[in-house]
Amino acid sequence: TIGISAFDHCTSLTSCTIGNSVTSISKKAFYYCTSLTTCTIGNSVTSIGEAAFYGCQSLTSVTVEATTPPTLGRNAFEYTNGCPIYVPAQSLDAYKSASRWSSYASRIQPIT
């Protein structure tokens with residue numbers, strides 16, 4: 001688990017790769033990491049907490065490798081500059097219709 005507010009306001013963090021041993025990203029884990037440009041979330045993550053990436057305004061892409069959409073907390077990707085969220089192609093429709101993910105449907109794209 002990446003704990004609550006683990007990297008909160010870590011303005012020097014520019015990228016993150018969350019390995020396949022992590023199953024949970026807690027609320028506000030990357031809250032206002034304003035220099036974060038990319039993040040890859042491994043395939044074993046089953047939950048992304050409330051406001052986990054809130055205010056990460058420099059994000060240019062988020063890649064979520066899980067084939068089943070993780071549960072998503074409120075405002076997880078708010079104020080992230082409308083960055084694309086890449087997901088496995090076979091799971092595209094599942095993500096676009098999943099609870100809370102559907103609010104980001106226009107940003108969800110297949111991993112190529």
Can you name the nearest heavy-atom pair linking G3 to S26, along with the distance? C-CB, 3.5 Å

For the pair R107 and V62, evaluate side chain to side chain contact (heavy atoms under 4.5 Å, CB included) and give the outcome as yes or no after the intermediate values. CA-CA 10 Å; R107 297 167 52 182; V62 173; over 6 Å; no

Could you verify whether a donor N or O on one side chain and an acceptor N or O on the other, from E78 and Y104, lie under 3.5 Å apart? yes

Quick one: does S24's side chain have a donor or acceptor within less than 3.5 Å of a partner on T1's backbone? no

Flag side-chain contact, heavy atom, 4.5 Å: S61 against T38: yes

Examine L92 and I48 and state if one hydrophobic cluster contains both, with Ile, Leu, Val, Met, Phe, Trp and Tyr joined whenever side-chain heavy atoms are less than 4.5 Å apart. yes

Is it true that Y32 and I18 fall in one hydrophobic cluster, defined by side-chain heavy atoms closer than 4.5 Å? no

Residue pair I25 / A52: nearest heavy atoms and the distance that separates them: CG2-CB, 4.1 Å

Verdict with supporting geometry, I41 and V64, side chain to side chain contact (heavy atoms under 4.5 Å, CB included): CA-CA 5 Å; I41 299 171; V64 184; 4.1 Å; yes

Closest approach of S44 to S21 (non-hydrogen atoms, all atoms of both residues): OG-N, 3.9 Å

Is there a path of hydrophobic side-chain contacts, each under 4.5 Å between heavy atoms of I, L, V, M, F, W or Y residues, that connects L13 with V45? yes

Would you confirm whether S91, through its side chain, and T67, through its main-chain N or O, come within 3.5 Å as a donor-acceptor pair? yes

Report whether Y86 and W101 are members of the same hydrophobic cluster (ILVMFWY, side-chain heavy atoms less than 4.5 Å apart, transitive linking). no

Quick check against the 3.5 Å criterion: does N20 have a side-chain atom that pairs as donor or acceptor with the backbone of N43? yes

Quick one: OG1 on T11 to CG on L36, what's the gap to the nearest 0.5 Å? 11.5 Å

Testing R100, K27, R74 one by one against E50 for a salt bridge (Lys or Arg N to Asp or Glu O under 4.0 Å), which residue passes? R74

Please find the pair of heavy atoms, one from C39 and one from L59, that lie closest to each other, and give the distance. N-CD2, 4.4 Å

Evaluate the pair C56, C33 and indicate whether the two SG atoms are within a distance below 2.5 Å. no

In this structure, CZ of F7 is separated from CD1 of I2 (nearest 0.5 Å) by 6.0 Å

Passing candidate, ring pair (Phe, Tyr, Trp, His ring centres under 6.0 Å) with F77, options F53, Y54, Y31: F53

Less than 4.5 Å apart, any side-chain heavy atom of P70 and any of Y95? yes

